[in-house]
Amino acid sequence: MLSSADACCHFLSLQMIPAPVTLKFCNYCGQQGKLRCTRCKKTCYCSVSCQAEDWKAHRHICKSSVPEVHPRLWLTNSIIFVQDLRKNNLSKGAEIQATIVEVRCPGKFFIHVQSAAMIDALRSISVELQKLSGTSACSLYRPQEGEICSVKYTQDQNWYRGLIQAVDAEQQSASVLYIDFGNEEVASFDRIKPLPPGVDPIAPCALQCRVAAVTPVMTDWTGECNIAMRQLVYGKTLTVSIVGALDNSAVFPVDVTLAQIGKTLSSFLIEQGYATKEASVPNKPQSILNASFENFKRLLGDKDENVEAQPPEPLSQGIGDTFSSVVTHLQSPYEIICQKLENTSIIQEMQIKLREHCLNTQASENFRPAPGTACCSQFLEDSQWYRAKVLAYSSEERVCVGYIDFGNSEEVELSRLRPISTELLELPAQAIPCSLAGVRPRTDTWSEEAVITLKMLVCNRFIRVEILGEWEGRALVAMVDEVSDPQSNIAELLVSSGHAVPETLEAWLTDSPSSPAEPTASTPVKQKLQWSCAELPSEGQMVALVVSMIENPGEFYCMQRLVEISADLQNHCQDAADSSFSPVVGEPCCARFTGRDGNWYRAMVKAVGHDGKVQVYFVDYGNTCELHPSQLKPVDSRLLKHPFQAIRCCLAGVEPYDGQWSKAAIQRFRALCEAKQLEGRVLSITERGYGVELKSESHIITATLLMERLATPTAMPTKSLATSLSPASPKKNEAAVACSLPSTNQKEVLAAPAMKNTSELPPNEPFTPRVAAVISPSLFFVMNPGIGEVKAEGMQALMIEVGKYCRQAAPSHARPLPGAACCALFSGDKTWYRAIVVDTRDEDVTVVYADYGNVEKVPYSSILPVPAQLLQPPFQTVRCTLAGEKFPSSWPAEALEIFTSLLGGELQATAQGFDGTSNLLRLSWGVEQVSSILLACQKNPLDGPALASAINSRSPLDRVEKLLLLLLQRSAG
C-alpha cells in the first residue's frame, strides 16, 4: 500500500504523462491539415484550394454524415391533411364572442370561439393525444408538407395537433403551426408523429382571421401597427363579426368591436393611419411621437480621419461569366456575398501581408477614420486582421465596419482599427454582391425558414455561379451546387422545398420588387416609397441593445445594430440636384444633422410650420429637430431597404413618483445606459412601445432605480381568473390559453413587482422582528407581528385556491424581477404557495414563502405568475427597508455580512413610516442603531481576518458584540 506522500507523487507523475496527439494530414498534398470536409466530416485538408483540387476524385466517395430518415414508418395510418378535417360552420353576418389568442398583424391573427363545444373539443383532443402519442413508440418519422401531425411542444412537452408548413430533411426538422392555438415553432423529427387514428378530426380550434376591407398603407403592416393591435386585442374576449365569405386560404374576413374605445378595429386602424379602405387613396401614416434632441455624434477634434484611404474598386464582372465560388455572407436570396475560388491563393497572400502590416503598426489614439474610408480591422471572432470599410460610429469609442472581401459587418472598439497602406488597397474588393435569379418569395418578404434553407444549400459548399444580369448594383446569378452528385440548381431546390416560387428572368427584371413602374410621357407617376421599422423579439430572449436617445425611463429609443448605408446616403445627397424639395408629413426624406458632424441621415417629416421650418424625426436614432427646407432632400427607395433602426421603448416594472420623472431619476438612468452595451428583453408591449428589462454590467436597471427610491413599482394589473377549464396552450412565452386565463399575460404578471402588496405596520410600536429573507439593508422581509390576526381557516381556503389555480395554469418562461410576487412549488411537500422572489440566477430562483417565512432555491419550472385575486389577504411577510440615511444602491460584501449578522441577534424594531412600497424600520441593538453601525462600517471597513472571526462566532450575541467592538476600535484608531 502506498503512503499518502507516495500516492501524491504517483498521482503527480500520472498527471505529467502527455496525452496522445492525433495528427491529421491533407488528403491532397500530404501536409498537416486541420480542416474537414463539411459533408462527410471525415476527409481532412490544409486549405480550401487543396480541397477544390481534390474534389474531382473525392466527390465519388463523399457521403453525407447526416443519417437517412425513413419517410413512412407507420404504414397502417392514413395521412391526415387539413381538408380531411371538419369545417367550421361560421357564415357571413355571424357575430360571436371570441378570445384573440395569437396576433401577428391585422392580416393574420387567431381567435378562440367562446363556447362550451370548443372547450370540450380542446379537452378531448388533449386527452387523446397525450394518451395515444405519448405512449406509442416509433422510429424517426418524416412528415409531408400540409400534413396534420401530433407534435410535442417544446415548452411544456405535451402533444398537440400541428400543421406541417415546411420540411427540412437535412436538418431533420419541420416548421409547425399549432392549429388549435395559432402559434408556430420549428420542431425536430423526433418530436413529430403521425396523427393517431383514434383522434377526432374536428375543425381547427384556432380560427385564422384578417381584418376585412382594409389594406396597409405600405407594402406590409408596420411594427408600430402590430404593437398597437396587440395592445388593444391580445388575450381579450371581444365581439367578432364575420363580414365576408371564407376565402380559399381558410382565413375568415372579420371585424372586431373595441368596446373600450367605442370603435371597430378596422376604423381604428384607418384613423391611426395604419391602414386604408380597400381601393381607396392611401392615408398618410401617423406621425412619429415626439422625442427630445440628443447629440449622438461625438466631436472629432483634430483626429486623423483617414480620408485619403478610399475602398478599392469591386471586381469587374460581365454577363455570361461563370466561376466556382464560396458564399461568405448571406442575408436573403436577394443579398448574397460570394468569393471566387480561383482567387483563394491571392487572398491568402494578401492576408499574410495584412497581418504583418498590422503587427508592425502601433495603435494610435489619434486615429479616427471617417465613415466611407478603408482601414484594417481586427475581427472579433478569430482576432485576425482584414480589410474593412468604416460604416458609422455608434459611440465615441465604438465603430461599425464592413469587411470588403467577405461582405459581413460588425461593431468593434476603435482600438481594433489600424491605418491601411496603399499597397494593400491595390487588390480589388473580393466580395461579389449577388442576388439569386429565377425565384421570388411566396409572400412580400423572404421568410426566416427560406433564408435558413438557402444557407444550408449554399454555405460551406463549392457553388458554380453564372452571371445572368445586373440588378441594383448586384450580380443577378444562377447557382449550381458542385458538391451534389448529380449537381443541383439552387433556385430549383428552393422552389421544390416550398420556400419560393419560380420566376422568369425577364419578368424578374421588369417587375422587380424595387423597380418602379415605367411612367408614361403624358402622366408622370411618382414612385410610392415603402419602408419598415425594426422590431425586438417578443419571445423573452436577451438581446444586445444600445440606447441612442433618452427622454426619461418611460420613453427612450434603442437600436440593435447600425444601418450600413452611411456612405451610400452621403453619396446620394451629394449627387442629388439642389432643386426644391416639398416635404410631406408622414413621408421619409434625407435630413442634414445640424450638430457637429453635418452629415445626412434618414428622417421622417413630422410637421411643417407656418414659417416654413420643418420638424423631422431621425428614424435610426430617435431624436428630432427643426430644419430649414434647404436642409432636406428626397430619399431614394434603395436607401429604405433596411428597417428604421430606432425602437421606441419604456422601462418595464417601474413608474415615476407623482406621475412625473424627477431630474435625479432621469440623470441616474442616463448614467446607467448612455455609451454602454446593454442587454435587454421584452416583457410587455404597450402603447408606449416595448416594455423592456435592461441589464448594465449584470445589474438590472429597474432594481437599481427602485433600490435608490428614484422610481416606484408599476401597479399590479387587475385581471379575473376564468372558471372554465382547458388544457394548457402550447404558447411560446405567451399567456395561458384563453379559456383558462382569458386576459392574463404571464409576462406582465410575473415581471411586475408585487411591492405594493405588503402590510403597513403600525407606527412607533416596538416589536422583536423575525427576519424571513435579506437582500440588502434597502430590501428585507420580516414576519408580520400581527400574523395571529389572520384566521387559520381563511389561509386554508386561500391555499386551496392557490393549488387549484396552479394545477390549471400554463407554465411561464419569463424571468421574474427580485421582489416580484409569484406562486412557488415547495420541495418539501410538493404544494404550491404564495412566494416572493429574492434573487434570480441562470438555473434557479431564490424565493421566500410569503406566508411562512422560509427560504429555498427552486427551478424556474416551479414558478408561476400569481393573479391579482390571490394577492388577498396581504402576505404574512412584510417588505421593509432600513430607516435613516439615504443608503447606496450597491453595498460592499462586508456590510451585507454585518447586516445579516445583526439581524440574527436580539434586535428591537420600530416602524417609522410607510413610503408606499416598504415599511421604514428603525432597528436597534441596545442603544446602538443598526443604521449607524452600517455607516461606521462603510467609513471604516473591517479587515478580512477580524471580520471573519466576528462572523464565525457561535452565538448571535457574540457576533454582534465582536462586530461592535471592532467598529469602536477602528473608529478610535
Side-chain angles (χ1 to χ4, degrees), residues 64 66-88 101-102 110 112 118 120-208 249-250 442 447 449 452-453 456 493 496-499 726-732 737 810:
S64 175
V66 179
E68 293 295 326
V69 180
H70 298 287
R72 292 290 138 219
L73 290 170
W74 281 17
L75 299 178
T76 57
N77 292 346
S78 60
I79 302 174
I80 304 297
F81 294 94
V82 175
Q83 54 267 31
D84 298 324
L85 302 178
R86 288 197 286 269
K87 308 300 180 185
N88 285 292
V101 295
E102 183 76 20
F110 293 83
H112 272 172
M118 192 276 293
D120 292 341
L122 273 176
R123 182 187 293 110
S124 64
I125 289 176
S126 179
V127 172
E128 290 176 357
L129 287 179
Q130 308 321 310
K131 180 174 64 175
L132 298 175
S133 298
T135 58
S136 61
C138 74
S139 302
L140 207 59
Y141 177 77
R142 185 173 69 194
Q144 295 184 17
E145 289 188 22
E147 181 180 355
I148 303 295
C149 292
S150 180
V151 186
K152 182 186 284 189
Y153 183 54
T154 305
Q155 302 297 338
D156 62 9
Q157 298 298 303
N158 286 330
W159 295 89
Y160 300 93
R161 295 193 301 175
L163 169 64
I164 306 301
Q165 300 183 112
V167 177
D168 187 341
E170 186 170 349
Q171 293 296 316
Q172 300 188 41
S173 63
S175 174
V176 177
L177 167 68
Y178 292 100
I179 62 174
D180 295 315
F181 300 95
N183 54 313
E184 301 176 359
E185 72 169 348
V186 176
S188 55
F189 285 171
D190 60 355
R191 294 193 290 112
I192 301 176
K193 293 182 180 181
L195 196 67
V199 175
D200 188 4
I202 65 171
C205 294
L207 277 58
Q208 183 176 342
S249 59
R442 300 186 69 88
S447 65
E449 292 80 7
I452 293 173
T453 301
M456 292 187 297
L493 290 176
S496 63
S497 65
H499 297 301
S726 71
S729 166
K731 290 285 180 182
K732 186 175 183 180
V737 64

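Values below: all heavy atoms of this structure, side chains included; hydrogens, waters and symmetry mates excluded.
- Between Phe189 and Val167 the shortest side-chain heavy-atom distance falls below 4.5 Å.
- A distance of 9.5 Å separates CZ of Arg442 from NE2 of His499, quoted to the nearest 0.5 Å.
- Side-chain contact between His112 and Leu122: present, with at least one pair of heavy atoms (C-beta onward) separated by less than 4.5 Å.
- Contact of the Asn88 side chain with the Leu207 side chain is registered, since non-hydrogen atoms from C-beta on lie closer than 4.5 Å.
- One finds the CD1 atom of Ile202 at 6.0 Å from the CG atom of Asp180 (value rounded to the nearest 0.5 Å).
- The side-chain heavy atoms of Asp168 and Glu170, taken from C-beta on, include a pair separated by under 4.5 Å.
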Do Ile148 and Asp84 pass the side chain to side chain contact (heavy atoms under 4.5 Å, CB included) test, and can you show the C-alpha distance, the side-chain angles, and the key distance before you say yes or no?
CA-CA 9 Å; Ile148 303 295; Asp84 298 324; over 6 Å; no
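- One distance of note links CD of Glu128 with CZ of Arg161; it measures 9.5 Å at 0.5 Å rounding.
- Interatomic distance, OG of Ser188 versus CG of Leu140, reported as 8.0 Å (0.5 Å rounding).
- Atoms NZ and NZ, on Lys152 and Lys193 in that order, are 7.0 Å from each other to the nearest 0.5 Å.
- One finds the SG atom of Cys205 at 4.5 Å from the CD1 atom of Ile125 (value rounded to the nearest 0.5 Å).
- When side chains are defined from C-beta on, Leu85 counts as touching Ile179, because their heavy atoms get closer than 4.5 Å.
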Starting from the C-alpha separation in whole Å, work towards a yes-or-no answer on side chain to side chain contact (heavy atoms under 4.5 Å, CB included) for Leu177 and Phe110.
CA-CA 11 Å; Leu177 167 68; Phe110 293 83; 4.1 Å; yes
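- In this structure, the side chains of Tyr141 and Cys149 come closer than 4.5 Å at one or more pairs of heavy atoms.
- Using a cut-off of 4.0 Å between Lys/Arg side-chain N and Asp/Glu carboxylate O, Glu185 and Arg191 are scored as salt-bridged.
- Considering every non-hydrogen atom in both Val151 and Ala187, the closest pair reads CG1-CB, 3.8 Å.
- Taking each heavy atom of Glu145 and Ser497 in turn, the nearest pair found is OE2-O, 2.8 Å.
- Across all non-hydrogen atoms, the minimal contact from Gln144 to Glu147 is N-OE1, 2.9 Å.
- The shortest side-chain heavy-atom distance between Val176 and Ile164 falls under the 4.5 Å cut-off.
- Side-chain atoms of Tyr178 and Glu184, non-hydrogen and from C-beta on, never get closer than 4.5 Å to each other.
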